[in-house]
**Student:** 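Pasting a structure here, questions to come.
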Number of protein chains: 2
Amino acid sequence: MTKGQDTRATILEHALALSSRFGLEGLTIGTLASEVGMTKSGVYAHFDSKEALQVAVLDTARDRFVELVVAPGLRAPRGEPRVRELFERWVAWGERTVLPGGCPFVAAASEFDDRPGSVRDTLVAHQRDWVGMLASTAADAVAEGHFRADLDPRTWAQELFGVVLAYYHFAHLLCMPDAGARARQAFERLMTDASGVLAT
Amino acid sequence: MTKGQDTRATILEHALALSSRFGLEGLTIGTLASEVGMTKSGVYAHFDSKEALQVAVLDTARDRFVELVVAPGLRAPRGEPRVRELFERWVAWGERTVLPGGCPFVAAASEFDDRPGSVRDTLVAHQRDWVGMLASTAADAVAEGHFRADLDPRTWAQELFGVVLAYYHFAHLLCMPDAGARARQAFERLMTDASGVLAT
DNA sequence: GGGAGAATAGTACGATCGTTCGTTTTGGCA
DNA sequence: TGCCAAAACGAACGATCGTACTATTCTCCC
């Protein structure tokens, strides 16, 4: 609860920023140590292995994601308002202002989607949680009467995921300035379709 | 045109497979050399630097993408048939059967979206080409009367990109067996919306 | 304020990284 | 067949990787 946990948190904060830019594999103990102003062994002593460090970084990312996206979303009213809040927070989450390298989960997904191990397991667990929350939020919207009754929440969640992934791709890699506007267009199309109102 | 170019092609083939699994940064000269049954220096002699190797790998991937996705698409009739052909080939392109690690461009995108240099420049150029082709294909479909006249091809391209990216994410990382069916559902929704027919 | 235990520093290990260099093998042409 | 350039090898470079180990410094409680 004291010094140790404190510097461990500091280390993980820097590690999260570094890994968002260079990936969980590109995150190295040496550069991490010099980043926080410690020696390699000083940093390493807080973790059992690099793999454990990577898992801890993912958990830290999850905590921050919950704080910045999930919690504000849950404070919004159930149904459509909550869906909109989650979407906007999720989009903002990928901005370089919150983490210099964008969404760390997307980066980790490409790195570990075919490398078995505890890092991948952790990542998959977090992503499944998030997809599950998106789906249950959609189900809530159905229950509230905001979404049509025959909507499949999990299909809807995958579609929303695509809107955000494409936004990250177009905005960060391709540097397209209107990627955000186009993502919101796609989101609105998703909403009107889910609401069951006939398109004009 | 002889031995040198030949082994260079062999090297790049193995390098492409390796980089699809471990990323362009995780691709290492040593493992690449042992993979093709040569020494490090023997492999290295074919490239000026690792960065040049990474660029060459991306170019190789682009060549194969053109062969497996773009060319078959162009052989299909303009308009909606071509759109469908490109989509199906694009989905198949991400399968582990063609490259063991899935789409190398998606992997490279996460690795290099915030690391300036020739690798990123090459990747961005290829992705811009592909987005441009998708958009012009949509514009063709408008001209053919298959898509409605007020469709914005670039917005449509970004949406389609999202469908495929989400499919890769759900199928490869989350191992969801119905990700393909859901992606095709999303694609059909995209098609009916683009065709201008009112949703049922 | 001194002593116990946590926290960090320091050093070193074997391995591998990208890269360079000189040597040897190979292939194609006279 | 002999030669020359191309191609691959083999060894080594300095640097850094993750990981151990011991030693030193700090923190907190009695």
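Naming: A, B, ... by sequence-line order, numbering from 1 per chain. Scope of the values below: all heavy atoms of this structure, side chains included, with no hydrogens, waters or symmetry mates.
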**Student:** Hey, are A:Arg184 and A:Glu88 close enough for a salt bridge, meaning a charged N less than 4.0 Å from a carboxylate O?
**Tutor:**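 Salt bridge present between A:Arg184 and A:Glu88.
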**Student:** Describe, in one word, how the ring planes of A:Trp93 and A:Phe105 are oriented to each other, choosing from parallel (under 30°), tilted (30 to 60°) and perpendicular (over 60°).
**Tutor:**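 Correct class here is parallel.
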**Student:** When you measure from the centre of the six-membered ring of B:Phe87, is the NZ or CZ of B:Arg84 closer than 6.0 Å and no more than 45° off the axis?
**Tutor:**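 No cation-pi geometry.
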**Student:** Tell me whether the guanidinium CZ or amine NZ of A:Arg115 lies under 6.0 angstrom from the six-membered ring centre of A:Phe112 and within 45° of its axis.
**Tutor:**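 Flagged: A:Arg115 positioned over aromatic ring of A:Phe112.
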**Student:** What residues from residues 115-124 of chain A pass a heavy-atom cutoff of under 4.0 Å to DNA chain D?
**Tutor:** none
**Student:** Would you please say whether a donor-acceptor pair under 3.5 Å links the side chains of A:Asp140 and A:His146?
**Tutor:**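 There is no such pair between these side chains.
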**Student:** Output the single nucleotide from C:dT8, D:dG18, D:dC9 whose closest atom is nearest the side chain of A:Thr28.
**Tutor:** D:dG18
**Student:** Starting the side chain at C-beta, find the nucleotide from D:dG18, C:dT8, C:dT19 nearest to A:Ile29.
**Tutor:** D:dG18
**Student:** Describe the nucleic acid contact of A:Leu53 in one word from base, sugar-phosphate, nothing, applying a heavy-atom distance below 4.0 Å.
**Tutor:** nothing
**Student:** Base, sugar-phosphate, or nothing for B:Ala45, non-hydrogen atoms under 4.0 angstrom?
**Tutor:** nothing
**Student:** Looking at B:Asp152 and A:Arg182, does any basic side-chain N land under 4.0 Å from a carboxylate oxygen?
**Tutor:** yes
**Student:** For A:Glu159 and B:Ala186, indicate whether the former's side chain and the latter's backbone hold a donor-acceptor pair under 3.5 Å.
**Tutor:** no
**Student:** Going through the distances and angles, do A:Trp90 and A:Tyr168 end up as a ring-ring contact (aromatic ring centres under 6.0 Å, His included)?
**Tutor:** CA-CA 11 Å; A:Trp90 191 11; A:Tyr168 289 166; 7.2 Å; no
**Student:** Which parts of nucleotides 20-28 of chain D does protein reach within less than 4.0 Å, heavy atoms only, written one letter per nucleotide 5' to 3' as B for base, S for sugar-phosphate only and - for none?
**Tutor:** B--------
**Student:** Return the value, rounded to whole Å, for the distance between atom CZ of B:Phe47 and atom C1' of C:dT20.
**Tutor:**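 It works out to 17 Å between those atoms.
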